[in-house]
Amino acid sequence: MIDARLLRDDPDRVRAAQAKRGLSAEVVDRALSADADRRAAIASYEAKRAEQKRLGGQVAKAQGEEKQELLGQTRALAAEVKEAEAARVAAEEAWNDAVLSIPNPAADEAPEGGEDDYVVLETVGTKPEFDFTPRDHVELGAMLGAFDLERGAKVSGSRFYFLTGIGARLHRALVTMAMDMAAANGFTEVVAPALVKSRAMEGTGFLGQAADDVYRIEGQDLYLVGTSEVPLAAFHSDEILPADSLPQRYAAFSSCFRKEAGSHGKDTRGIFRVHWFDKVEMFVYTTVEESFAEHQRLLAWEKEFMDALELHYRVIDVAAGDLGTSAQRKFDCEAWIASQERFRELTSTSNCTDFQARRLDIRTRAGSSGETTPVATLNGTLCSTNRPIIALLETHQQADGSVRVPQALQPYLGGLEVLEPLA
RNA sequence: GGAGGCGUCGCCUAGUCAGGUCUAUGGCGCCCGCCUGCUAAGCGGGUUUGGGGUAAUACCCAUCGCGGGUUCAAAUCCCGCCGCCUCCGCCA
């Protein structure tokens with residue numbers, strides 16, 4: 001939720017922010033008029049309610065005829081209060097609807113435009129070269145016995161799979177390595193619920209434009225999360241976090257579920273784009289002032305993970321139109337996928353500033369004044385399970401279908417240096 | 001899933017049966033001040049969180065787990081829901 005004061009005091013900035021994302025400013029005007037209506041309705045209700053309370057006090061003390069007369073007055077007033085309250089509630093709903101549909105204004109630094117208008121910030125490592133025709137992860141996976149796509153489809157449908165043998169072991173190794181790195185960097189380890197109530201989904205901005213991608217449990221107010229950002233953001237909802245407790249850094253493991261609506265026919269091969277995967281996600285609560293530096297730290301930790309896997313990758317600054325509802329700025333790390341001859345997203349880190357915190361009512365106390373103020377929330381992928389496996393297999397493959405294990409990962413595979421194809 | 005108990009402004013707590021200065025009591029903790037070689041004690045004051053309003057005050061409204069209802073008036077009465085605890089059943 002954007003700051004009501006910003007909307008009121010500087011609506012042109014919000015209009016410009018809408019334009020930068022390629023969205024209409026109509027909702028800004030709707031919100032402004034709803035705000036005026038709402039405040040008028042509140043004033044009217046409160047005046048009547050105050051009068052009702054004042055008379056109520058007199059009724060309590062009055063006797064006989066005087067009491068009867070007061071009761072007559074106050075009965076009429078009660079109806080007016082009820083009416084005014086209904087008007088107030090309606091006005092507040094209109095305001096909420098409008099303001100909740102305004103996304104977080106993008107950072108000034110974020111590139112303008114849509115999906116293709118990203119800016120490459122840096123490219124790390126060198127493109128892997130092969131003196132043989134490189135296989136894609138599906139072929140390699142079959143040779144290694146790392147996953148079973150046919151049975152995944154049989155049991156659960158398209159975009160499902162089983163990780164098997166070395167694939168399952170790689171999954172465990174990656175998650176453990178990621179958690180160890182997070183712990184070493186001061187994160188609190190968390191295993192988070194993958195089912196959450198609508199409040200958590202709404203609060204993190206996933207029931208707006210992204211709602212089509214979310215699985216809902218039939219007959220219950222429960223949703224399958226697409227990322228543990230959701231339960232982690234809601235973790236401290238309705239709380240006031242002591243200033244000296246910030247930043248609070250969590251690294252959460254959870255399964256992630258995505259309908260992938262609207263991506264029919266896209267990345268249908270293998271385990272790249274699937275309905276379910278697992279992920280270790282970094283999540284930070286801090287102050288808005290600190291959030292920008294923290295965002296850089298999250299990016300640095302993501303790069304540390306990419307480096308540990310000895311991948312060739314680039315970092316992009318995602319354009320305003322391609323940011324999620326909540327993000328003010330987003331960096332993606334994209335690894336080179338040899339079979340596709342292009343960079344693909346492996347990790348993503350967003351600074352949501354105080355946008356999610358306003359919706360979820362998470363505050364801290366500002367400096368000396370003691371005033372409460374919304375915190376900032378940030379998230380970043382440390383390790384999703386499938387795409388790193390893909391990048392790893394394709395990057396470190398050898399002519400015979402074996403795969404070299406990056407040194408940092410070896411201890412997590414019992415010292416294994418090379419993954420060998422099954423006989 | 002069944003039975004019972006509980007939910008009050010950081011923590012504890014009074015108030016709920018008999019609705020009306022409850023504008024929510026008291027204690028602990030915390031903050032400010034006085035006193036004081038220092039500290040403690042003592043004394044005085046303050047201490048939920050939102051919202052409206054104002055240049056800023058003042059002032060006003062909401063908030064007793066949540067949502068409805070009854071009533072002129074609800075922490076208090078009625079209905080529904082949620083959470084926690086105890087016991088039983090089931091289960092990993």
Side-chain angles (χ1 to χ4, degrees), chain A residues 1-10 31-100 191-203 217 219-223 231 234-246 248 253-255 285 354-375:
Chain A
M1 186 162 62
I2 70 160
D3 188 349
R5 242 170 325 188
L6 173 68
L7 185 69
R8 225 175 270 156
D9 298 345
D10 199 356
L32 282 171
S33 95
D35 186 37
D37 292 350
R38 163 184 151 268
R39 287 196 284 170
I42 288 171
S44 162
Y45 159 75
E46 288 189 354
K48 286 188 165 65
R49 176 65 178 152
E51 174 67 4
Q52 182 185 38
K53 287 178 69 167
R54 197 182 60 77
L55 282 176
Q58 289 182 20
V59 170
K61 281 181 286 188
Q63 295 293 328
E65 257 179 59
E66 193 193 351
K67 184 160 189 166
Q68 288 313 310
E69 193 187 321
L70 280 169
L71 279 178
Q73 282 181 45
T74 200
R75 249 188 281 269
L77 188 56
E80 285 181 45
V81 168
K82 206 161 189 174
E83 205 173 297
E85 186 175 11
R88 193 207 68 197
V89 169
E92 284 177 341
E93 271 173 16
W95 155 255
N96 279 332
D97 286 348
V99 85
L100 283 175
V191 176
L195 280 164
V196 298
K197 298 196 277 190
S198 55
R199 169 95 196 280
M201 274 295 176
E202 177 72 51
I217 303 297
Q220 291 193 312
D221 180 35
L222 283 175
Y223 297 81
F235 187 63
H236 282 304
S237 54
D238 300 322
E239 294 182 28
I240 297 174
L241 306 177
D244 61 9
S245 75
L246 301 178
Q248 291 200 37
F253 174 91
S254 85
S255 289
Y285 296 88
D354 55 1
F355 186 84
Q356 293 177 332
R358 284 182 195 283
R359 293 175 165 218
L360 291 166
D361 197 17
I362 309 166
R363 292 161 291 161
T364 186
R365 298 204 185 266
S368 49
S369 67
E371 293 271 283
T372 62
T373 181
V375 299

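Here is the naming used below: chain letters follow the sequence lines, and residue numbers restart at 1 for every chain. Since the model is a prediction, treat every value here as computed from it, not as a measurement.
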Roughly how many Å apart are [M] and [N], using the [atom1] atom of each and rounding to a whole number?
{"N": "C85(B)", "M": "C30(B)", "atom1": "P", "answer": "30 Å"}
{"N": "C81(B)", "M": "A24(B)", "atom1": "P", "answer": "32 Å"}
{"N": "G67(B)", "M": "G83(B)", "atom1": "C1'", "answer": "15 Å"}
{"N": "G65(B)", "M": "C17(B)", "atom1": "P", "answer": "15 Å"}
{"N": "G45(B)", "M": "G50(B)", "atom1": "P", "answer": "27 Å"}
{"N": "A14(B)", "M": "C64(B)", "atom1": "C1'", "answer": "13 Å"}
{"N": "C84(B)", "M": "G26(B)", "atom1": "P", "answer": "33 Å"}
{"N": "U16(B)", "M": "C77(B)", "atom1": "C1'", "answer": "10 Å"}

Does Glu85(A) come within less than 4.0 Å of Lys82(A), counting only side-chain N to carboxylate O?
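So Glu85(A) does not pair with Lys82(A) through a salt bridge.
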Distance in angstrom units between [X] [atom1] and [N] [atom2], rounded:
{"X": "Glu85(A)", "N": "U71(B)", "atom1": "CD", "atom2": "C1'", "value": "15 Å"}
{"X": "Lys48(A)", "N": "C72(B)", "atom1": "NZ", "atom2": "P", "value": "19 Å"}
{"X": "Arg88(A)", "N": "G51(B)", "atom1": "CZ", "atom2": "P", "value": "14 Å"}
{"X": "Asp361(A)", "N": "A62(B)", "atom1": "CG", "atom2": "P", "value": "20 Å"}
{"X": "Asp9(A)", "N": "A55(B)", "atom1": "CG", "atom2": "C1'", "value": "14 Å"}
{"X": "Met1(A)", "N": "G50(B)", "atom1": "CE", "atom2": "P", "value": "13 Å"}
{"X": "Leu360(A)", "N": "G50(B)", "atom1": "CG", "atom2": "P", "value": "16 Å"}
{"X": "Asp238(A)", "N": "G83(B)", "atom1": "CG", "atom2": "P", "value": "15 Å"}

By the 4.0 Å heavy-atom rule, please label [X] as base, sugar-phosphate, or nothing.
{"X": "Gln52(A)", "value": "sugar-phosphate"}
{"X": "Arg54(A)", "value": "nothing"}
{"X": "Lys197(A)", "value": "nothing"}

Counting only heavy atoms not in Glu83(A) (residues, nucleotides, ligands), do more than 12 fall under 6.0 Å from its CD?
no
Show your working on salt bridge (Lys or Arg N to Asp or Glu O under 4.0 Å) between Glu202(A) and Arg199(A) and close with a plain yes or no.
CA-CA 5 Å; Glu202(A) 177 72 51; Arg199(A) 169 95 196 280; over 6 Å; no
Is there a Watson-Crick or G-U wobble partner for [N] with both distances under 3.5 Å, and if so, which one is it?
{"N": "A40(B)", "value": "none"}
{"N": "A62(B)", "value": "U49(B)"}
{"N": "C6(B)", "value": "G83(B)"}
{"N": "U70(B)", "value": "none"}
{"N": "C35(B)", "value": "none"}
{"N": "U76(B)", "value": "none"}
{"N": "U23(B)", "value": "none"}

Please pick, from [options], the nucleotide with the shortest atom-to-atom distance to any side-chain atom of [X].
{"X": "Arg39(A)", "options": "G51(B), G53(B), C61(B)", "value": "G53(B)"}
{"X": "Arg49(A)", "options": "G52(B), A62(B), U49(B)", "value": "A62(B)"}
{"X": "Lys53(A)", "options": "G50(B), C72(B), A62(B)", "value": "A62(B)"}
{"X": "Thr372(A)", "options": "U49(B), C61(B), G53(B)", "value": "U49(B)"}
{"X": "Lys82(A)", "options": "G52(B), U70(B), U49(B)", "value": "U70(B)"}

Judged by each residue's nearest nucleotide on RNA chain B, which is more toward the 5′ side, Glu51(A) or Gly56(A)?
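Looking at RNA chain B, the more 5' nearest nucleotide goes with Gly56(A).
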Residue met sooner reading RNA chain B from 5', once Ala50(A) and Thr373(A) are mapped to nucleotides:
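Counting from the 5' end, the first nearest nucleotide belongs to Thr373(A).
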What I'd like to find out is whether the side chain of Glu80(A) reaches to under 4.5 Å of the side chain of Leu77(A), using heavy atoms alone.
yes
Can you find a pair of side-chain heavy atoms, one from Asp35(A) and one from Leu7(A), that are under 4.5 Å apart?
no
Can you say whether a donor on the side chain of Glu46(A) sits under 3.5 Å from an acceptor on the base of G51(B), or the other way round?
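Under the 3.5 Å cut-off, the side chain and the base do form a donor-acceptor pair.
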Donor-acceptor check, side chain of Arg359(A) to backbone of Leu100(A), threshold 3.5 angstrom: yes or no?
yes
Are the side chain of Thr364(A) and the backbone N or O of Leu241(A) linked by a donor-acceptor pair below 3.5 Å?
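Checked: pair present.
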Does [N] have its OP1 or OP2 closer than 4.0 Å to a side-chain nitrogen or oxygen of [X]?
{"X": "Arg363(A)", "N": "G50(B)", "answer": "yes"}
{"X": "Arg365(A)", "N": "U49(B)", "answer": "yes"}
{"X": "Arg38(A)", "N": "G52(B)", "answer": "yes"}

Begin from the C-alpha positions of Arg358(A) and Asp354(A) and carry the test salt bridge (Lys or Arg N to Asp or Glu O under 4.0 Å) through to its verdict.
CA-CA 6 Å; Arg358(A) 284 182 195 283; Asp354(A) 55 1; 2.8 Å; yes
